[in-house]
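Note that the structure is predicted; figures quoted are calculated from it, not measured. One-based numbering along the sequence shown.
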Amino acid sequence: MQSDSSRFREMVSVLGTYGFGEIRHKFKKRENDNRPQALRQAFEELGPSFIKIGQILSTRSDLLSAEYLTELQKLQENTLPLSFDVIQDQYYSESGHLFEEDFAYVNHEPLASASIAQVHEGQLKTGEKVVIKIQRPEIEAQLIRDINIFIRVVEAVPSIFIDVIVNPVEILKDIKRQVMEEIDFVNEAHNMLRFSENHRNRTTIKSPLPYLPLTNKRVLVQDYESGISIGRYMH
């Protein structure tokens, strides 16, 4: 694994390459300088942790201008899928069960592979079609480590986010707290139940429900609902 000091230097180097840091502010900004696009590209280059940070920031209209929000909303979580063997091992590690003990069928091909989790279609032994969301091995430690190092970077080079975000260290600490909540799939399951209860009388809203006996901190099993990503209509 890359050392903390090496990852620190990489963050400073990548952000500096895209114009965020001490060097940039010694020169007059070019008229065609597109900082929102540069920030999105820097986050993409720095990998899954930064894609997650950018996606969270893209929802914060109280912090960022519309130009930054629009650009960060383009960040996609699609990543190379893990092999099915790794997914099976991760499920067993987290549940203590083999797939065939809990499911009649699990599709070897993922429905989606994102920075935090991989999703597979499955079927319960009672016949219900479900979605199985399994967290990537070690992703929690990686996310928290990267955010902690990024906080150190911003403290050491305060100019990185000049004219972008006010009080970036405090914002990153808030993002860390949010990530720690989101990465616990039990929280997500209970939020799904709460959302469903709050909208139970609305016939225009249909939300999938979790299967709590098969859900834990790093595995979420829920109803399968087909649909189209809302992101398709956001750009």
Side-chain angles (χ1 to χ4, degrees), residues 1-2 47-56 59 75-148 175-200 205-231:
M1 177 183 288
Q2 186 179 22
S49 299
F50 280 79
I51 288 174
K52 188 63 180 177
I53 291 169
Q55 288 176 330
I56 293 173
T59 68
L75 287 169
Q76 299 295 315
E77 278 198 306
N78 293 334
T79 60
L80 289 174
L82 298 170
S83 73
F84 189 70
D85 287 343
V86 171
I87 289 297
Q88 287 188 109
D89 290 345
Q90 182 72 348
Y91 184 80
Y92 181 78
S93 175
E94 298 302 330
S95 69
H97 296 169
L98 299 171
F99 271 146
E100 50 263 37
E101 293 180 71
D102 292 336
F103 303 96
Y105 163 78
V106 177
N107 193 331
H108 286 213
E109 296 298 319
L111 286 171
S113 183
S115 61
I116 289 178
Q118 189 156 301
V119 178
H120 288 255
E121 176 190 346
Q123 185 178 32
L124 299 180
K125 294 194 172 184
T126 48
E128 294 91 340
K129 194 174 180 181
V130 295
V131 165
I132 309 161
K133 181 177 177 181
I134 300 175
Q135 203 168 114
R136 287 175 172 264
E138 309 301 328
I139 189 63
E140 179 178 3
Q142 179 186 333
L143 267 169
I144 300 308
R145 173 176 172 266
D146 269 355
I147 293 173
N148 285 336
I175 287 175
K176 179 181 173 182
R177 285 189 285 270
Q178 182 175 339
V179 165
M180 290 180 74
E181 290 180 3
E182 287 186 10
I183 212 161
D184 185 340
F185 290 166
V186 174
N187 287 333
E188 183 173 345
H190 287 296
N191 287 336
M192 292 168 67
L193 291 170
R194 190 177 301 114
F195 181 89
S196 180
E197 175 63 19
N198 290 342
H199 297 281
R200 67 184 185 280
I205 295 178
K206 186 177 182 182
S207 59
L209 293 175
Y211 289 84
L212 293 180
L214 295 175
T215 293
N216 58 52
K217 184 177 181 181
R218 296 186 177 91
V219 174
L220 174 64
V221 179
Q222 65 180 65
D223 293 328
Y224 180 96
E225 297 286 353
S226 60
I228 299 173
S229 170
I230 192 171

Chi angles and distances behind the side chain to side chain contact (heavy atoms under 4.5 Å, CB included) call for Met180, Ile144: CA-CA 8 Å; Met180 290 180 74; Ile144 300 308; 3.5 Å; yes
Backbone N or O of Leu209 within a donor-acceptor pair of the Asp223 side chain at under 3.5 Å?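 Answer holds: yes.
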[X] side, atom [atom1]; [Y] side, atom [atom2] - distance, nearest 0.5 Å:
| X | Y | atom1 | atom2 | result |
| --- | --- | --- | --- | --- |
| Glu140 | Glu138 | CD | CD | 9.5 Å |
| Leu98 | Gln88 | CG | CD | 8.0 Å |
| Ser49 | Ile139 | OG | CD1 | 5.5 Å |
| Ile51 | Ile56 | CD1 | CD1 | 12.5 Å |
| Arg177 | Ile147 | CZ | CD1 | 11.0 Å |
| Ile116 | Ile183 | CD1 | CD1 | 5.0 Å |

Taking the side chain as every heavy atom from C-beta outward, state whether [X] and [Y] have any pair of such atoms under 4.5 Å apart.
| X | Y | answer |
| --- | --- | --- |
| Val119 | Ile132 | no |
| Val131 | Tyr224 | yes |
| Lys129 | Glu121 | yes |
| Lys217 | Phe185 | no |
| Leu220 | Val186 | no |
| Pro137 | Leu82 | yes |
| Leu124 | Leu214 | yes |
| Lys206 | Glu225 | yes |

On a heavy-atom basis, which atom in Pro81 and which in Ser113 lie closest, and how many Å separate them?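 Closest heavy-atom pair between Pro81 and Ser113: CA-OG, 3.2 Å.
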Closest non-hydrogen atom pair between Arg136 and Ser115, with its separation: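 Closest approach of Arg136 to Ser115: CD-O, 3.3 Å.
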Under 3.5 Å side-chain donor-acceptor pair for Asn148 and Arg145: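 There is no such pair (donor and acceptor under 3.5 Å, judged by atom type) between the side chains of Asn148 and Arg145.
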Flag for His120-Gln118: side-chain donor and acceptor within less than 3.5 Å: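 Side-chain D/A pair, Gln118 to His120: present.
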Could you walk me through whether Gln222 and Met192 satisfy the side chain to side chain contact (heavy atoms under 4.5 Å, CB included) test, starting with their C-alpha distance in whole Å, then the side-chain angles of each, then the deciding distance to 0.1 Å, before giving a yes or no? CA-CA 9 Å; Gln222 65 180 65; Met192 292 168 67; 3.6 Å; yes
Please check if the number of heavy atoms outside [X] that lie under 6.0 Å from its [atom1] is greater than 12.
| X | atom1 | answer |
| --- | --- | --- |
| Tyr92 | OH | no |
| Gln2 | CD | yes |
| Lys125 | NZ | yes |

For the residue pair Phe84 and Tyr91, is the inter-centroid distance of their aromatic rings smaller than 6.0 Å?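 Not close enough - the centres of the two rings lie 6.0 Å or further apart.
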For residues 91-104, which residue pairs qualify under salt bridge (charged side-chain N to carboxylate O under 4.0 Å, His left out), counting only residues two or more places apart or in two chains?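 Of all non-adjacent pairs touching residues 91-104, those that pass salt bridge (charged side-chain N to carboxylate O under 4.0 Å, His left out) are Glu94-Arg218.
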By ring pair (Phe, Tyr, Trp, His ring centres under 6.0 Å) - contacts of His199 (at least two apart):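 His199 satisfies ring pair (Phe, Tyr, Trp, His ring centres under 6.0 Å) with Phe195 only.
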Assess the residue pair Arg200 and Glu197 against the criterion (salt bridge (Lys or Arg N to Asp or Glu O under 4.0 Å)); give the C-alpha distance rounded to whole Å, side-chain angles, the decisive distance to 0.1 Å, and a yes or no. CA-CA 5 Å; Arg200 67 184 185 280; Glu197 175 63 19; 2.7 Å; yes
Could you check Gln90 against Ile87 for side chain to side chain contact (heavy atoms under 4.5 Å, CB included), going step by step and ending with a plain yes or no? CA-CA 5 Å; Gln90 182 72 348; Ile87 289 297; 5.5 Å; no
Run the numbers on Ser95 and Val219 for side chain to side chain contact (heavy atoms under 4.5 Å, CB included), then give the verdict. CA-CA 8 Å; Ser95 69; Val219 174; 5.5 Å; no
